[in-house]
Amino acid sequence: MAVVHPTDTERLRSHASVDIAGTAWPVYKLEALFAGVVACLTLALITGSAQAAVLGATVIATLRWIIGGTRNFR
């Protein structure tokens, strides 16, 4: 049987994080959420369509989240 000792493992490198309510959030996730909110508000003002604004903001936030997540695995 395999036994895991989390205290014995070392992290390869530390990632920038922000403590929110006792939980460490990686900065790239907060950037993705912020980009999504800004894009949603901007697209809602430009297009006047909530559906288009939400869809566009989702694409932008998802791309930022994926890019930030893949950079952390290198």
Side-chain angles (χ1 to χ4, degrees):
M1 182 165 102
V3 179
V4 177
H5 297 287
T7 56
D8 294 341
T9 60
E10 293 182 22
R11 290 188 135 176
L12 296 175
R13 60 183 172 165
S14 61
H15 303 291
S17 63
V18 176
D19 187 40
I20 299 176
T23 304
W25 275 63
V27 174
Y28 74 90
K29 289 184 180 183
L30 295 174
E31 290 173 350
L33 291 174
F34 182 74
V37 169
V38 169
C40 186
L41 294 175
T42 303
L43 288 171
L45 288 173
I46 292 172
T47 64
S49 170
Q51 294 88 351
V54 170
L55 184 59
T58 302
V59 169
I60 291 170
T62 302
L63 288 175
R64 176 61 188 114
W65 193 298
I66 290 171
I67 291 168
T70 56
R71 285 186 182 167
N72 288 332
F73 287 116
R74 290 184 188 173

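The same ILVMFWY cluster, assembled from side-chain heavy atoms under 4.5 Å apart, contains both Val27 and Leu33.
In this structure, Val38 and Thr42 approach most closely via the heavy-atom pair O-OG1, 2.8 Å. When all heavy atoms of Thr70 and Ile67 are compared, the pair lying nearest together is OG1-O, 3.0 Å. Nearest heavy-atom pair across Leu43 and Ala52 is CD1-O, 4.3 Å. Heavy-atom minimum distance, Tyr28 versus Trp65: CE1-O, 3.5 Å.
Counting side-chain heavy-atom gaps under 4.5 Å among Ile, Leu, Val, Met, Phe, Trp and Tyr, Ile66 is found in no cluster with other residues.
In this view, Ala57 and Ala39, Cys40 satisfy the side chain to side chain contact (heavy atoms under 4.5 Å, CB included) rule, not counting sequence neighbours.
Between atom CG of residue Leu63 and atom OG1 of residue Thr58 there is a gap of 10.5 Å, rounded to the nearest 0.5 Å.
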